[in-house]
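Bear in mind the structure is a predicted one, so any value in this text is a computation, not a measurement.
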Amino acid sequence: ALFEAQVGRTPDVVALVSAGVELSYAEVDARANGLARELVARGVGPEAVVALVLPRSVEIVVAELAVAKAG
């Protein structure tokens with residue numbers, strides 16, 4: 001809920017920076033929502049265990065947020 005509130009207040013502000021990649025709050029939210037929908041379609045929900053194996057990057061943050069949104 002806190003992240004969603006921040007997206008609503010500052011959608012175009014840079015939220016993540018990694019290896020020259022910058023994503024705004026709106027971009028992070030859109031990517032996380034898309035991945036969350038895919039996770040739910042594959043059966044992820046509350047109490048599901050999801051393993052993330054990614055290097056430090058904007059993608060790992062998006063994936064962590066997506067997992068939270070999915071369950």
Side-chain angles (χ1 to χ4, degrees):
L2 292 175
F3 184 80
E4 297 289 335
Q6 188 64 43
V7 172
R9 285 191 300 273
T10 58
D12 298 323
V13 172
V14 174
L16 291 175
V17 178
S18 178
V21 176
E22 293 184 353
L23 295 179
S24 69
Y25 280 99
E27 291 170 319
V28 171
D29 193 47
R31 288 186 183 195
N33 286 340
L35 182 54
R37 283 190 295 275
E38 180 66 27
L39 290 170
V40 169
R42 292 174 182 248
V44 173
E47 305 300 321
V49 176
V50 178
L52 299 175
V53 182
L54 297 164
R56 289 184 184 188
S57 61
V58 295
E59 287 81 10
I60 190 76
V61 176
V62 169
E64 289 170 344
L65 183 56
V67 170
K69 287 176 176 244

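Its side chain within the 4.5 Å cluster rule, V13 clusters with F3, V7, L16, V21, L23, Y25, V28, L35, L39, V44, V50, L52, L54, V58, I60, V61, V62, L65, V67 among the Ile, Leu, Val, Met, Phe, Trp and Tyr residues. In the hydrophobic clustering, where aliphatic and aromatic side chains (Ile, Leu, Val, Met, Phe, Trp, Tyr) are joined below 4.5 Å either directly or transitively, V17 groups with V14.
Sorted by first then second residue, the ring pair (Phe, Tyr, Trp, His ring centres under 6.0 Å) pairs that include residues 50-71, not counting sequence neighbours, number zero. Pairs engaging residues 28-71 under the ring pair (Phe, Tyr, Trp, His ring centres under 6.0 Å) rule: none recorded [sequence neighbours left out]. Within the structure, ring pair (Phe, Tyr, Trp, His ring centres under 6.0 Å) contacts touching residues 36-56 (residues at least two apart or in different chains) do not occur. Each salt bridge (charged side-chain N to carboxylate O under 4.0 Å, His left out) pair with one or both residues in residues 40-68, not counting sequence neighbours, appears once here: E38-R42. Applying the salt bridge (charged side-chain N to carboxylate O under 4.0 Å, His left out) definition to pairs two or more places apart or across chains, none involves residues 6-17. Listed by first and then second residue, the salt bridge (charged side-chain N to carboxylate O under 4.0 Å, His left out) pairs involving residues 23-37 are D29-K69 (not counting sequence neighbours). For residues 27-71, there are no ring pair (Phe, Tyr, Trp, His ring centres under 6.0 Å) pairs, not counting sequence neighbours.
Applying the salt bridge (Lys or Arg N to Asp or Glu O under 4.0 Å) criterion to E22, with sequence neighbours excluded, gives no partner residue.
When every heavy atom of A66 is checked against every heavy atom of A32, the shortest pair comes out as CB-O, 3.4 Å. Minimum heavy-atom separation, S57 to S18: CA-OG, 3.5 Å.
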